[in-house]
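Shown next, in structure tokens, is the structure this report addresses.
Order of appearance sets the numbers: ligands from 1, and atoms from 1 within every ligand.
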Amino acid sequence: MEQKKKISNGVKTDILIIGGGPAGVVAGITAKKHYPSKQVTLIRKEGKSVIPCGIPYIFKRLDSAAQNIMSDQPLLDSKIDLIIGEVTEIKPKEKQIILKNGDIYSYDKLILALGSVPQLIPIPGIEKEGVWLVKKDYEYLGKFREAVLKSKNVVIIGGGFIGVEFAEELSGIKNLKISIIEKLDHCLITNFDEEFALATEEKIKNRGIKIFAGKTIKEIGGKKKAEYVKLNSGEKLAVDLVILSIGSRPNIELAQKSGIKTEEKSGIMVDEYMRTNIPDIFAIGDCAQTRDFITNKNIPIMLASVAATEARIAANNLYQIELIRENKGTIGVFSTFVDGLALGAVGLTEKRAKEEKIDYLVGEAEAFNRHPASLPRTEKIKVKLIFTKSSEGLLLGGEIMGPESVGEMLNILSMAIQQKTSLFDFNTWQIATHPLLTSAPTVYPLITAAQSAMLKLIKRS
Ligand SMILES: Cc1cc2nc3c(=O)[nH]c(=O)nc-3n(C[C@H](O)[C@H](O)[C@H](O)COP(=O)(O)OP(=O)(O)OC[C@H]3O[C@@H](n4cnc5c(N)ncnc54)[C@H](O)[C@@H]3O)c2cc1C
């Protein structure tokens with residue numbers, strides 16, 4: 001660790017980052033790469049950081065919460081000063097922050113990477129023993145794992161991607177009965193169009209998980225401990241453990257009380273360089289507002305991948321604005337894996353295009369991931385693409401499901417949206433194919449889906 005300069009008004013550092021999640025870590029490493037002579041200090045609350053995206057997998061696929069720790073080695077290798085402590089105050093005028101233990105740090109540039117915390121809802125009985133939240137907290141997760149392994153009946157409140165990933169993982173534990181309560185009509189329906197949500201629900205049900213969709217929890221009952229949940233539809237389910245996974249809210253209290261502009265639901269307000277309203281203070285990751293690449297509206301997307309992008313943008317623009325390195329808006333690429341089915345979405349779904357009143361075209365295709373299809377481990381890939389129904393035919397979004405290669409196909413689509421790719425570009429797209437690695441060149445599904453949209457645009461006799 002680097003030597004710190006102790007001065008009368010605290011420890012002086014050049015770049016100070018509050019937060020040790022994906023946003024803070026990537027910001028620190030990127031800042032050090034761009035400005036090797038600057039002293040970078042990262043302060044985080046927790047002694048051990050967990051890998052947030054790995055949390056659902058600590059129950060079965062991993063043997064313990066300890067196997068899901070984010071190593072500090074990249075920070076130490078980059079000669080970043082790591083401080084464990086809670087920041088209780090930011091003094092923007094003095095360019096100082098104060099820790100709970102009274103320590104003071106002065107900075108040139110401050111990056112807030114404060115993250116998010118689990119959303120709560122006022123259900124009667126929510127405070128009972130046996131109700132667990134999805135916290136990014138190592139000690140808590142260790143106890144959570146033990147409690148799950150002792151349980152017989154688990155109810156998961158919320159059928160978004162975290163609830164579904166928990167359910168799928170827990171269904172691998174012997175003799176554990178799992179139910180998901182989702183207030184919307186289907187699990188994952190905020191992320192996907194119905195056909196993709198339905199295919200996922202099939203997979204969930206195949207694993208013996210019960211889905212109560214279109215229903216809400218009226219009460220979590222029991223003496224001291226959760227013993228049952230009552231649904232608004234009248235059903236009563238026996239439980240010994242309830243998992244509340246209805247989303248997260250940005251952690252903005254520290255910023256709010258320091259005069260940094262925030263919006264309650266969307267987070268700390270930032271410009272395209274991730275700057276807040278206060279000079280030399282930046283905000284990134286889950287605590288910062290996210291603006292949609294296509295609609296330019298604030299959107300409630302909280303992803304580690306988005307946090308990392310925002311971190312790189314902030315670190316690039318700390319000392320001077322780099323005009324080509326601004327945040328052009330968040331595309332929102334998301335993928336998940338349920339019982340062998342990989343699926344994901346990028347940009348706008350058809351449902352969202354309708355809600356936004358965008359004139360759109362749909363292109364669809366199905367193909368096998370290997371050729372010939374008689375090869376072992378051949379699986380079907382389903383693609384749905386959304387384009388503008390204009391002469392430009394720009395890609396606005398896509399959904400894909402199939403084998404694991406789907407994850408990287410979505411990332412290709414994200415780049416295509418970012419580069420304003422049209423369906424005509426897909427038509428002339430040059431690709432590599434191989435029998436064991438990809439679909440056949442004759443039916444490559446991203447191209448044939450775009451072609452099917454193109455034929456709707458240019459009808460020939
Ligand atoms: C179960 C689960 C699964 C997920 N799966 C995926 C996935 O597959 N893909 C994906 O892209 N995203 C996924 N996400 C979302 C992803 O985890 C978040 O978007 C990501 O953690 C955001 O990173 P962050 O650094 O902004 O915030 P966080 O990870 O929340 O980190 C915030 C940091 O700030 C620190 N902090 C806060 N206040 C203070 C303070 N006052 N003083 C000092 N330190 C402070 C905290 O201690 C923490 O270190 C998942 C999330 C969960 C919960």
Parallel, tilted or perpendicular: ring planes of Y35 versus Y319, cut at 30 and 60 degrees
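Perpendicular, since the angle between the ring planes exceeds 60°.
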For [atom], which protein heavy atom lies nearest, and how many Å away is it?
| atom | result |
| --- | --- |
| atom 31 (O) of ligand 1 | G21 CA, 3.5 Å |
| atom 18 (C) of ligand 1 | D286 OD2, 3.3 Å |
| atom 25 (O) of ligand 1 | A23 N, 2.9 Å |
| atom 12 (N) of ligand 1 | A304 N, 3.0 Å |
| atom 36 (N) of ligand 1 | K45 CE, 4.0 Å |
| atom 3 (C) of ligand 1 | P52 O, 3.4 Å |
| atom 51 (C) of ligand 1 | I162 CD1, 3.8 Å |

Kindly confirm or rule out an N or O of [X] lying under 3.5 angstrom from an N or O of ligand 1.
| X | answer |
| --- | --- |
| I18 | no |
| S305 | yes |
| S49 | no |
| G20 | yes |
| K136 | yes |
| A307 | no |
| E46 | yes |

Heavy atom under 4.0 Å from ligand 1: found in [X]'s side chain, backbone, both, or neither?
| X | value |
| --- | --- |
| V306 | neither |
| V134 | side chain |
| V87 | both |
| T336 | neither |

Quick one: does [X] get a heavy atom under 4.0 Å from ligand 1?
| X | value |
| --- | --- |
| F161 | yes |
| G54 | no |
| P22 | yes |

Regarding [X] and [Y], is there a side-chain donor-to-acceptor distance under 3.5 Å anywhere?
| X | Y | result |
| --- | --- | --- |
| E356 | T295 | no |
| Q67 | S64 | no |
| S171 | E168 | no |
| T336 | E165 | yes |

I'd like to check which ligand 1 atoms, numbered from 1 as shown, lie under 4.0 Å from a non-hydrogen atom of [X].
| X | answer |
| --- | --- |
| G85 | 42 (N), 43 (C) |
| S116 | 30 (O) |
| G115 | 26 (O), 27 (O), 28 (P), 30 (O), 32 (C) |
| M302 | 15 (C), 19 (O) |
| G285 | 26 (O) |
| P56 | 1 (C) |
| N251 | 37 (C), 38 (N) |

Tell me, do [X] and [Y] make a side-chain contact under 4.5 Å, heavy atoms counted?
| X | Y | result |
| --- | --- | --- |
| L114 | I18 | yes |
| K382 | F196 | yes |
| E364 | E195 | yes |

Exactly one of T276, I111, I268 should register a side chain to side chain contact (heavy atoms under 4.5 Å, CB included) with F282. Which one does?
I111
Shortest non-hydrogen contact from I284 to G24?
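In terms of heavy atoms, the two residues are closest at CD1-N, 4.5 Å.
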Minimum heavy-atom distance G402-V406, with the two atoms named
N-CG2, 3.5 Å
Using the rule given for side-chain contact (heavy atoms from CB on, under 4.5 Å), can you reason through I55 versus K136, listing the C-alpha separation, both sets of side-chain angles and the distance that settles it, and then say yes or no?
CA-CA 8 Å; I55 294 171; K136 294 169 242 176; 3.9 Å; yes
Shortest reach to atom 7 (C) of ligand 1 by a heavy atom, considering only P250, C53, S248
C53
Nearest non-hydrogen contact with atom 32 (C) of ligand 1 belongs to which option: A283, A113, G19, G247?
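Looking at heavy atoms only, A113 sits closest to atom 32 (C) of ligand 1.
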Main chain of I104, side chain of Q96: is a donor-acceptor contact present, judged purely on distance under 3.5 Å?
no
Starting from the C-alpha separation in whole Å, work towards a yes-or-no answer on side-chain contact (heavy atoms from CB on, under 4.5 Å) for I246 and L244.
CA-CA 6 Å; I246 53 157; L244 186 68; 4.1 Å; yes
Answer with yes or no after comparing the ring centroid distance for F161 and F337 against a 6.0 Å cut-off, counting only values under it.
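Here the rings of F337 and F161 have centres that are no less than 6.0 Å from each other.
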Looking at Y105, is K12 sitting on its ring face, NZ or CZ under 6.0 Å from the six-membered ring centre and within 45 degrees of the normal?
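Judged by the rule, K12 and Y105 form no cation-pi pair.
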Show the numbers, then the answer: is there a side-chain contact (heavy atoms from CB on, under 4.5 Å) between I381 and S439?
CA-CA 9 Å; I381 299 177; S439 306; 4.0 Å; yes
